[in-house]
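Report on the following structure.
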Amino acid sequence: MVEESKRKVSPTSDAHNPDIAALSALNTLRSELGSVLDGSSSLAVAAQRFAEQLLQRLGKQMALVRVYAALPSELLPPRDRAFAASVAASRGRTTALAAQTPVLSLLGTAGERAEWNDRLSSERHLAIPLLNAEFVDAIPMVARLLAEIGFDLSGLDDESKPLARPLMGGFNGLFYVPDARSERDDKGRLVIPDQSFVAAHSIRTVFGMGGSYLGGAWITAILFARETLARSTAERGALLISRFKMSTNDLVSERKFF
């Protein structure tokens, strides 16, 4: 009989399997998320707690976690609304944003760099206006993310269309990029265009989970992992968004976004 202290751990054992480690952390957080978010005064507060918990529990596997909501521009704080307007202007938009223009707004962020832990420190991604399908399609990662979590981009050009399409299990979906260094979209573009960020922080798999509330607001979390993770692991992570939505539904119903 081999003594416990003399047993060798195989490189392929669970102790060295990034998917096993990630699944364990995600499952634990899912069971505890309600208490983690309890008492949040706004969706932004809840999103920040969510991002921090994901980073803390997944540890060195993650470089950055971000949580976004797609909200009408009229509901954004002045600073966020001005940021979205400046992004639109930089892309040639000469008229003011309409009150109902959806904006992908950064609500929560946690990462290894100090500036990644305060949403207002974001220099490029604080508020991305979803002006129309053509505008969004020009941003490969955002276009792929929104399409895969069920946000119907064609609805941006046709007000008669809903911005959500039915998905299995409700309005929830999964964004999954197995290798950020090489994954390309159907137009041959890198899904994660910022390859300097990918290289500097050894990013491998990027995945996100998202869905809509009954009132039309959208929420999505995006995780930038330093390890290659299986799609099945990302799918387990996607279950978290349902629990997040359940815990924050009252905040959204009461329009307590910020």
Side-chain angles (χ1 to χ4, degrees), residues 17-19 21-22 26 47 51-52 54-55 58-70 83-84 86-93 103-149 151 153 173-210 218 220-235 237-238:
N17 188 319
D19 287 298
L26 293 170
E52 290 171 355
L54 282 166
L55 185 74
L58 289 163
K60 293 182 179 180
Q61 286 187 291
M62 292 295 149
L64 175 64
V65 178
R66 290 199 149 165
V67 182
Y68 287 87
F83 188 100
S86 70
V87 172
S90 71
R91 298 296 185 94
R93 175 80 173 228
V103 176
L104 197 61
S105 181
L106 180 61
L107 297 189
T109 179
E112 62 185 7
R113 295 176 59 174
E115 63 268 29
W116 290 352
N117 293 282
D118 180 352
R119 74 179 197 89
L120 295 178
S121 295
S122 178
E123 297 179 352
R124 293 186 296 166
H125 305 112
L126 178 63
I128 304 170
L130 308 179
L131 300 176
N132 51 49
E134 181 181 9
F135 178 90
V136 174
D137 186 62
I139 313 172
M141 191 182 91
V142 174
R144 172 89 163 255
L145 167 70
L146 294 177
E148 292 193 350
I149 67 171
F151 192 104
L153 296 180
L174 173 70
F175 168 66
Y176 178 66
V177 179
D179 191 338
R181 299 168 297 178
S182 59
E183 182 80 359
R184 295 180 181 271
D185 62 16
D186 57 6
K187 295 183 179 179
R189 304 174 301 180
L190 286 163
V191 176
I192 312 297
D194 190 352
Q195 287 295 300
S196 61
F197 163 74
V198 169
H201 301 281
S202 301
I203 304 301
R204 294 298 179 263
T205 295
V206 178
F207 69 95
M209 50 274 197
W218 281 79
T220 183
I222 309 169
L223 293 82
F224 298 84
R226 291 194 184 90
E227 296 178 305
T228 300
L229 298 173
R231 185 181 181 88
S232 57
T233 300
E235 288 171 347

Output the distance between atom CE (Met209) and atom CD1 (Ile222), rounded to the nearest 0.5 Å. 10.0 Å
Measure the shortest side-chain to side-chain distance between Leu26 and Leu54 over non-hydrogen atoms and say whether it is less than 4.5 angstrom. yes
Between Asp185 and Lys187, is there a salt bridge with N-O shorter than 4.0 Å? no
Tell me, with the steps shown, if Arg231 and Asp19 meet salt bridge (Lys or Arg N to Asp or Glu O under 4.0 Å). CA-CA 10 Å; Arg231 185 181 181 88; Asp19 287 298; over 6 Å; no
Phe224 ring center within less than 6.0 Å of Phe207 ring center: no
Can Arg144 be said to sit on top of Phe175's aromatic six-ring, NZ or CZ under 6.0 Å from centre and within 45° of the ring axis? no
Do Tyr176 and Val206 come close enough that some side-chain heavy atom pair is under 4.5 Å? no
Least distance between heavy atoms, Val67 atom then Ala51 atom: CG2-CB, 4.1 Å
For a side chain to side chain contact (heavy atoms under 4.5 Å, CB included) check, start with the C-alpha distance between Gln61 and Leu229, then their side-chain angles and the critical distance, and finish with the verdict. CA-CA 10 Å; Gln61 286 187 291; Leu229 298 173; 4.0 Å; yes
To check you understand the geometry: which heavy-atom pair defines the closest contact between Met141 and Val191, and what is its length? CB-O, 3.1 Å
Taking atom CZ of Arg204 and atom CG of Asp179, what is their separation to the nearest 0.5 Å? 6.5 Å
Show, in sequence, the C-alpha distance, side-chain angles and deciding distance for Ile192 and Ile203, and conclude whether the side chain to side chain contact (heavy atoms under 4.5 Å, CB included) test is met. CA-CA 10 Å; Ile192 312 297; Ile203 304 301; over 6 Å; no
Candidate pair Trp116 and Val65, rule side chain to side chain contact (heavy atoms under 4.5 Å, CB included), full reasoning: CA-CA 9 Å; Trp116 290 352; Val65 178; over 6 Å; no
Working for side chain to side chain contact (heavy atoms under 4.5 Å, CB included), residues Val177 and Arg184: CA-CA 9 Å; Val177 179; Arg184 295 180 181 271; over 6 Å; no
Side-chain contact, heavy-atom cut-off 4.5 Å: Glu148 with Leu174? no
Among Leu107, Thr220, Val142, find the residue that satisfies the side chain to side chain contact (heavy atoms under 4.5 Å, CB included) test when tested with Tyr68. Thr220
Return the CG to CD distance between Asn17 and Glu227, rounded to the nearest 0.5 Å. 9.0 Å
Heavy-atom closest pair (Ile149 atom, Gly210 atom, distance to 0.1 Å) is CG2-N, 3.8 Å
Determine the sole option in Glu115, Arg66, Glu52, His125 for which the side-chain hydrogen bond (donor to acceptor under 3.5 Å, both in side chains) test with Thr109 is passed. Arg66
Euclidean distance, Ile128 CD1 relative to Leu104 CG, rounded to 0.5 Å: 5.0 Å
Return the CG to CZ distance between Leu64 and Arg113, rounded to the nearest 0.5 Å. 10.0 Å
Correct closest heavy-atom pair for Pro129 and Ala84 would be CG-O, 3.4 Å
From CZ (Phe151) to CG (Leu145), nearest 0.5 Å: 10.0 Å
Least distance between heavy atoms, Phe83 atom then Ser122 atom: CE1-O, 4.0 Å
Could you check whether any side-chain heavy atom of Leu130 comes within less than 4.5 Å of a side-chain heavy atom of Leu146, counting everything from C-beta outward? yes
Minimal non-hydrogen separation, Gln195 against Ala180, with atom names: NE2-O, 3.0 Å
